[in-house]
Amino acid sequence: MSEFHKILSNWYKQNKRDLPWRLNKVPYYVWISEIILQQTRVDQGTDYFLRFIERFPTIDSLANSSENEVLKMWQGLGYYSRARNIHFAAQQIMNNFNGKFPVTYPEIRSLKGVGDYTAAAVASISFGLPYAAVDGNVYRVLSRIYGIATPTDSSKGKKEFSELAMQLLDKQNPGSYNEAVMEFGALQCTPRKPDCSVCPFEQQCVAFNRSEITKLPVKTNKIKIRHRFFNYLYLKHEKTIILEQRLENDIWQNLYQLPLIESLKALTLEELIVHEKFHSLFKTESITIESASNEILHLLSHQKLHVRFIEISLSKSEINKNWIKIAPELLHEYPIPKLIDNFLMEKNRNKME
DNA sequence: AAGGCGGGGCT
DNA sequence: AGCCCAGCCTT
């Protein structure tokens, strides 16, 4: 056992967390946990994992559910393509692998939503196969200990780090090795303010010895924020409410929302009612706005949404084709962005009073 | 190679 | 306000 493995495994024994997907390494559970944890903190994903496997205990039950049901379990977690891909991949397993979770790296990698990282994680943790999982934690830990300044979001960097990770991999215990590096990155070698005074790698850590902890890892990517203006219509028709599905290739794809008028800038109510999209939604001109909320700012990683809710009473003749008319009691069946859900919950609560 | 995709926590 | 999180897919 190399010095690196010795230090790491010793640290892991003392600091390993009890996480639900570590109790039972069946591939289905490991797979679901890895998808949920993509770009998602353990604290945020844990409850989702427990609810997901309770609702869909087997690959078969997942494959035979509707996409709406799967998206509903994902509501509030973000990056919803993960849920759509999980659903699709469950059907891949039923159709291509006879309902048995695939047992080789290339087969696992062929599942929709499973990239190099997730394939390596599942293959090593569930099947003991010698593949190094390289995630954000691994980039950070290796870049610091070995003093590597190659940008982790470049193809050169991805290649360099994955090759180093494969060299370091403990091929006798690839699963626990991968888990240990990631756990070390998550708990000890943290992105900001790591407590290097209690780090077992303090002696050999290149970044620490050069006082370059805050400089590593290097990322070049700079994200640009796009501003968007959403005017949501809360249309009341007798006791029902109106939803529509977002089918565009955009945020919240396939989730449901209130009918939306997006504009290029913030609109006054006067500007809204003469807006082209507003007119195209309604057959008659006699629409009156009952009330409108102030602008709510909703922040996404790449977008800043300026959102307003417009309340309108509707006559029956004005139900649009693409609109779904539902009773409020059925809202729990529809996957809805958290932003919309919060608004509707608030409306419902007021009604109860 | 670059851009798009959520929501939340931390500094 | 900016960065990051057990990344992946599309163009």
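None of the values given here were measured: they were computed from a predicted structure. Naming: A, B, ... by sequence-line order, numbering from 1 per chain.
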Starting from [atom2] on [N], measure out to [atom1] on [X] and report it in whole angstrom.
{"X": "Lys112(A)", "N": "dC9(C)", "atom1": "NZ", "atom2": "P", "value": "7 Å"}
{"X": "Leu37(A)", "N": "dG9(B)", "atom1": "CG", "atom2": "P", "value": "15 Å"}
{"X": "Ile251(A)", "N": "dG6(B)", "atom1": "CD1", "atom2": "P", "value": "7 Å"}
{"X": "Arg140(A)", "N": "dC4(C)", "atom1": "CZ", "atom2": "C1'", "value": "8 Å"}
{"X": "His302(A)", "N": "dC3(C)", "atom1": "NE2", "atom2": "C1'", "value": "12 Å"}
{"X": "His298(A)", "N": "dG6(B)", "atom1": "NE2", "atom2": "P", "value": "10 Å"}
{"X": "Leu299(A)", "N": "dA1(C)", "atom1": "CG", "atom2": "C1'", "value": "10 Å"}
{"X": "Ile225(A)", "N": "dA1(C)", "atom1": "CD1", "atom2": "C1'", "value": "10 Å"}

Check whether any side-chain N or O of [X] sits under 4.0 Å from OP1 or OP2 of [N], and answer yes or no.
{"X": "Trp252(A)", "N": "dG7(B)", "answer": "yes"}
{"X": "Tyr139(A)", "N": "dC4(C)", "answer": "no"}
{"X": "Lys224(A)", "N": "dC5(B)", "answer": "no"}

Considering only the [atom1] atoms, how many Å lie between [N] and [M], rounded to the nearest integer?
{"N": "dG6(B)", "M": "dT11(C)", "atom1": "P", "value": "16 Å"}
{"N": "dG3(B)", "M": "dA6(C)", "atom1": "P", "value": "24 Å"}
{"N": "dC4(C)", "M": "dC5(B)", "atom1": "C1'", "value": "15 Å"}
{"N": "dC9(C)", "M": "dG8(B)", "atom1": "P", "value": "24 Å"}

Side chain of [X]: nearest nucleotide among [options]?
{"X": "Arg41(A)", "options": "dG6(B), dG8(B), dC9(C)", "answer": "dG8(B)"}
{"X": "Lys193(A)", "options": "dT11(B), dC5(B), dG9(B)", "answer": "dT11(B)"}
{"X": "Arg109(A)", "options": "dC9(C), dA6(C), dC5(B)", "answer": "dC9(C)"}
{"X": "Gln38(A)", "options": "dC5(B), dC8(C), dG8(B)", "answer": "dC8(C)"}
{"X": "Tyr117(A)", "options": "dG6(B), dC5(B), dA6(C)", "answer": "dA6(C)"}

Could a donor-acceptor pair under 3.5 angstrom be found where the side chain of [X] meets the base of [N]?
{"X": "Ser301(A)", "N": "dG7(B)", "answer": "yes"}
{"X": "Thr40(A)", "N": "dG6(B)", "answer": "yes"}
{"X": "Arg82(A)", "N": "dC8(C)", "answer": "no"}

### Message
Quiz question: by atom type and distance under 3.5 Å, do the side chains of Asn137(A) and Arg140(A) form a donor-acceptor pair?
### Response
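Side chains of Asn137(A) and Arg140(A): pair found under 3.5 Å.
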
### Query
Are Gln75(A) and Asp341(A) close enough that a side-chain donor and a side-chain acceptor fall under 3.5 Å?
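Short answer, yes.
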
Under 4.0 angstrom, heavy atoms only, what part of the nucleic acid is [X] near: base, sugar-phosphate, or nothing?
{"X": "Val114(A)", "answer": "sugar-phosphate"}
{"X": "Arg228(A)", "answer": "nothing"}
{"X": "Gly76(A)", "answer": "sugar-phosphate"}
{"X": "Trp21(A)", "answer": "base"}
{"X": "Lys338(A)", "answer": "sugar-phosphate"}
{"X": "Thr118(A)", "answer": "sugar-phosphate"}
{"X": "Leu77(A)", "answer": "base"}
{"X": "Gln303(A)", "answer": "sugar-phosphate"}
{"X": "Asp250(A)", "answer": "sugar-phosphate"}
{"X": "Arg84(A)", "answer": "nothing"}

### Task
Examine Phe161(A) together with Tyr139(A) and report whether their ring centres are nearer than 6.0 Å.
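Yes; Tyr139(A) has its ring centre under 6.0 Å from that of Phe161(A).
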
### Query
Would Phe343(A) and Tyr232(A) count as a close aromatic pair, with their ring centres under 6.0 Å?
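That pair fails the under 6.0 Å test.
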
Before accepting this row, confirm whether a basic side-chain N of the pair [X]/[Y] lies closer than 4.0 Å to the acidic partner's carboxylate O.
{"X": "Arg84(A)", "Y": "Glu67(A)", "value": "no"}
{"X": "Glu69(A)", "Y": "Arg55(A)", "value": "yes"}
{"X": "Lys16(A)", "Y": "Glu183(A)", "value": "no"}

### Message
Nearest heavy atom decides the nucleotide; on that basis, is Arg192(A) or Thr220(A) closer to the 5' end of DNA chain B?
### Response
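The 5'-side residue here is Thr220(A).
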
### Message
Show the nearest heavy-atom pair for residues Phe49(A) and Tyr29(A), with the distance to one decimal.
### Response
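Closest heavy-atom pair between Phe49(A) and Tyr29(A): CE1-O, 3.4 Å.
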
### Residue whose closest nucleotide on DNA chain C lies nearer the 5' end, Asp116(A) versus Lys304(A)
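By nearest-heavy-atom nucleotide position, the 5'-most residue is Lys304(A).
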
### Task
Please determine, for dA6(C), whether a Watson-Crick or G-U wobble partner exists with both distances under 3.5 Å, and give it or none.
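Matched dA6(C) with nothing under the 3.5 Å cut-off.
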
